[in-house]
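Predicted, not measured: the structure shown is a model, and the values here were computed from it. In what follows, chains are A, B, ... by sequence order, proteins preceding strands, each numbered from 1. Heavy-atom basis, side chains included; hydrogens, waters and symmetry copies ignored.
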2 protein chains.
Amino acid sequence: MSDDVHVMPPPSTVGESAYQKIRSDIVFGRLLPGKKLKLERLKTDYGASVSTLREILNRLHSERLVVAEGQKGFEVAPVSIANLREIAALRQLLEGRALEQSFRAGDMEWEGRVVAAHHRLARMEERMAQGDRSHTEGWKRYDWQFHQALISACGSKMLIDNHAAVFDKYLRYQMIALSYRGDIAANEHAELLECALERDAARACEVLTRHVAGGVEHALRTGTIS
Amino acid sequence: MSDDVHVMPPPSTVGESAYQKIRSDIVFGRLLPGKKLKLERLKTDYGASVSTLREILNRLHSERLVVAEGQKGFEVAPVSIANLREIAALRQLLEGRALEQSFRAGDMEWEGRVVAAHHRLARMEERMAQGDRSHTEGWKRYDWQFHQALISACGSKMLIDNHAAVFDKYLRYQMIALSYRGDIAANEHAELLECALERDAARACEVLTRHVAGGVEHALRTGTIS
DNA sequence: ATTTTCAAAATATCAGATAATTTGATTAAT
DNA sequence: ATTAATCAAATTATCTGATATTTTGAAAAT
């Protein structure tokens with residue numbers, strides 16, 4: 001069930017695929033904060049009926065990616081500096097704990113997944129470093145998958161799910177701020193890999209905290225978030 | 001927005017009130033785990049149309065209180081020992097962090113809220129201790145409100161929301177197990193109040209951990225969870 | 001006792017209708 | 001020229017009912 005924008009099961013039903021499209025459009029900033037989500041419009045944009053769309057919007061409302069005020073319909077959740085800071089803090093808390101547990105329980109299978117995920121991410125980061133900015137989304141997907149791989153042995157589906165939900169909200173801010181700070185982030189990712197292989201959870205947490213805090217400050221410096 | 005089964009805004013719309021009823025029926029164990037939620041049945045039970053009910057079920061699905069498998073409709077989320085343990089651990093993590101922050105930031109206003117909430121809870125616990133088991137739900141509501149009051153000054157809506165979501169899942173297990181361990185819990189609540197007034201976050205976390213762990217073991221001992 | 005077959009039940013999705021609410025623009029009042 | 005009152009159009013929440021697809025459970029066949 002811990003599916004997300006990044007690793008999704010084949011969308012079987014109409015509603016499911018429209019859900020994934022809309023969610024991804026919000027997380028990747030193609031639907032901007034505050035954007036009114038009028039049903040008629042969505043109908044043509046996502047090819048689903050009003051009833052189905054309302055089901056989807058209700059789901060996204062639960063996830064706090066969409067707000068629904070009274071009978072005024074739906075809109076993409078707004079952003080704020082305070083909210084970004086809260087999300088970042090929560091990510092540090094959840095991911096930090098998950099890292100500890102995962103490092104403790106991770107076996108060789110897990111190490112393999114981590115190394116593989118880091119490899120893909122690092123490759124992508126090389127390209128990005130050379131100015132090729134055409135794969136920002138793909139890059140973020142690999143970023144997500146790397147962090148997810150790191151905690152994948154934590155043993156708690158609850159923790160993984162909650163982390164994924166928070167991570168996506170964090171990601172939305174990064175996409176909105178279009179913030180690329182490739183080199184620094186890449187180094188931090190390499191450090192995390194090192195920590196994982198050495199099972200040094202304490203240092204991993206320290207790196208993670210820096211990683212997330214850096215992302216926040218960088219995003220804020222772009223001035224796109226108010 | 002951090003509304004819940006315990007402090008809800010007046011249900012303005014039809015869908016909203018049906019949502020609250022169904023959610024509360026799940027959390028308080030009136031709808032048991034695994035129960036099939038057939039639309040026609042819900043229609044008569046909660047007085048809402050299929051479309052509205054589907055919106056509600058989709059919301060509850062996001063909240064992981066309901067599962068929706070393929071085209072097989074909806075049912076109340078199952079329970080398991082592993083899931084209970086994960087929930088408890090997450091509650092300890094979130095509530096512990098929130099306590100620390102709340103204790104640091106709490107002012108006199110906050111102290112008042114905490115004292116008031118504890119008073120109501122303690123009174124209720126007195127009654128329960130005398131064998132009056134008719135207010136179990138009310139008791140749990142006060143329990144919720146006390147813990148909520150303790151963390152209410154933590155300064156993070158995100159944290160409060162996430163905690164509330166986890167708390168309600170924890171609560172569902174308590175209700176399903178019908179576990180009343182009044183005296184012990186009451187003492188722990190009193191201890192927490194003490195810690196709050198002394199701003200002793202470390203000890204509060206220690207008490208909380210014991211509190212939650214105790215609840216889990218007690219619930220498991222009833223044998224109602226498999 | 002399985003497996004196959006098939007009708008009834010239930011679901012996902014849609015279109016269209018109604019009442020209530022919100023929105024924006026126009027008009028009136030200060 | 002702002003502010004306030006007014007009103008039609010747009011939008012919403014909700015319901016009913018229809019269709020195609022899936023799932024379920026029982027009867028038939030192996």
Side-chain angles (χ1 to χ4, degrees), chain A residues 1 3 5 8-26 31-78, chain B residues 1 3 5 8-26 31-78:
Chain A
M1 192 111 306
D3 57 285
V5 202
M8 10 192 195
S12 40
T13 147
V14 172
E16 197 49 37
S17 92
Y19 165 73
Q20 286 177 9
K21 280 202 208 85
I22 298 179
R23 189 178 194 284
S24 153
D25 282 349
I26 294 176
L31 285 172
L32 289 177
K35 171 98 182 176
K36 198 90 202 6
L37 297 169
K38 299 230 185 76
L39 293 168
E40 286 305 319
R41 179 65 187 286
L42 296 181
K43 225 165 105 170
T44 73
D45 284 1
Y46 296 97
S49 72
V50 173
S51 347
T52 304
L53 283 168
R54 287 188 55 89
E55 292 180 15
I56 293 169
L57 294 173
N58 272 287
R59 263 170 96 174
L60 293 169
H61 173 48
S62 284
E63 297 182 46
R64 304 285 187 264
L65 287 173
V66 155
V67 295
E69 347 149 65
Q71 0 259 75
K72 292 185 209 164
F74 303 87
E75 55 187 64
V76 179
Chain B
M1 191 114 306
D3 56 285
V5 202
M8 11 193 195
S12 39
T13 147
V14 173
E16 198 48 37
S17 91
Y19 165 72
Q20 286 177 9
K21 279 202 210 87
I22 298 179
R23 189 179 194 283
S24 151
D25 282 350
I26 294 175
L31 285 172
L32 289 177
K35 171 99 184 177
K36 197 90 204 7
L37 297 170
K38 299 234 185 73
L39 292 167
E40 286 304 318
R41 179 64 187 287
L42 296 182
K43 227 166 100 170
T44 72
D45 284 0
Y46 296 97
S49 73
V50 172
S51 351
T52 304
L53 284 168
R54 285 188 57 89
E55 292 180 14
I56 294 169
L57 294 174
N58 271 286
R59 267 172 91 174
L60 293 169
H61 173 48
S62 284
E63 298 182 46
R64 305 283 187 263
L65 286 173
V66 155
V67 295
E69 347 147 64
Q71 0 259 74
K72 294 185 207 163
F74 304 87
E75 54 188 64
V76 178

Q: Take atom NZ of B:Lys43 and atom P of D:dG17, then tell me their distance rounded to the nearest Å.
A: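 Going from B:Lys43 (NZ) to D:dG17 (P), I get 8 Å.
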Q: Any protein N or O atoms within reach of nucleotides 7-11 of chain C? Criterion: under 3.5 Å, listing atom names and distances.
A:
{"from": "C:dT11", "atom 1": "O3'", "to": "B:Gln71", "atom 2": "O", "distance (Å)": "3.4"}

Q: In this structure, how many angstroms lie between the C1' atom of D:dT12 and the CG atom of A:Asn58, rounded?
A: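 Rounded to whole Å, this separation is 13 Å.
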Q: Filter on side chain to side chain donor-acceptor pair (under 3.5 Å), then keep only pairs touching residues 65-78 of chain B, sequence neighbours left out; what's left?
A: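 Output for this query is empty, none listed.
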Q: Just to verify, what does B:Lys43 make a side-chain contact (heavy atoms from CB on, under 4.5 Å) with, not counting sequence neighbours?
A: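 Partners of B:Lys43 by the side-chain contact (heavy atoms from CB on, under 4.5 Å) criterion, ordered by chain and then number, come out as B:Glu40, B:Val50, B:Leu53.
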Q: Kindly write out the residues that satisfy side-chain hydrogen bond (donor to acceptor under 3.5 Å, both in side chains) with B:Ser24, not counting sequence neighbours, or none if the list is empty.
A: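 Listed in chain order: B:Arg30.
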Q: Please check the phosphate of C:dC14 (OP1 and OP2 only) for any side-chain N or O of A:Thr52 closer than 4.0 Å.
A: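 True: A:Thr52 side-chain N/O within range (under 4.0 Å) of C:dC14 OP1/OP2.
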Q: Can you check the A:Glu75 CD to D:dT12 P distance for me, whole Å?
A: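 Answer to the nearest Å: 11 Å.
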Q: What is the distance from OH of B:Tyr46 to P of D:dC15, rounded to the nearest Å?
A: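 The answer, rounded to whole Å, is 16 Å.
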Q: With sequence neighbours excluded, tell me which residues meet side-chain contact (heavy atoms from CB on, under 4.5 Å) with A:Glu63.
A: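 Once residues adjacent in sequence are excluded, the partners of A:Glu63 under the side-chain contact (heavy atoms from CB on, under 4.5 Å) criterion are A:Tyr19, A:Arg23, A:Leu60, A:Leu65, B:Ser62.
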Q: Does some side-chain heavy atom of B:Phe74 sit less than 4.5 Å from a side-chain heavy atom of B:Leu42?
A: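 Contact flag for B:Leu42/B:Phe74 side chains = no.
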Q: Locate the shortest heavy-atom distance separating B:Asn58 from A:Glu55; write the atom from each residue and the value.
A: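 Heavy-atom minimum between the residues: ND2-OE1, 3.1 Å.
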Q: When the distance from CG of A:Leu53 to P of D:dT12 is rounded to whole Å, what number comes out?
A: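 Between P of D:dT12 and CG of A:Leu53: 11 Å.
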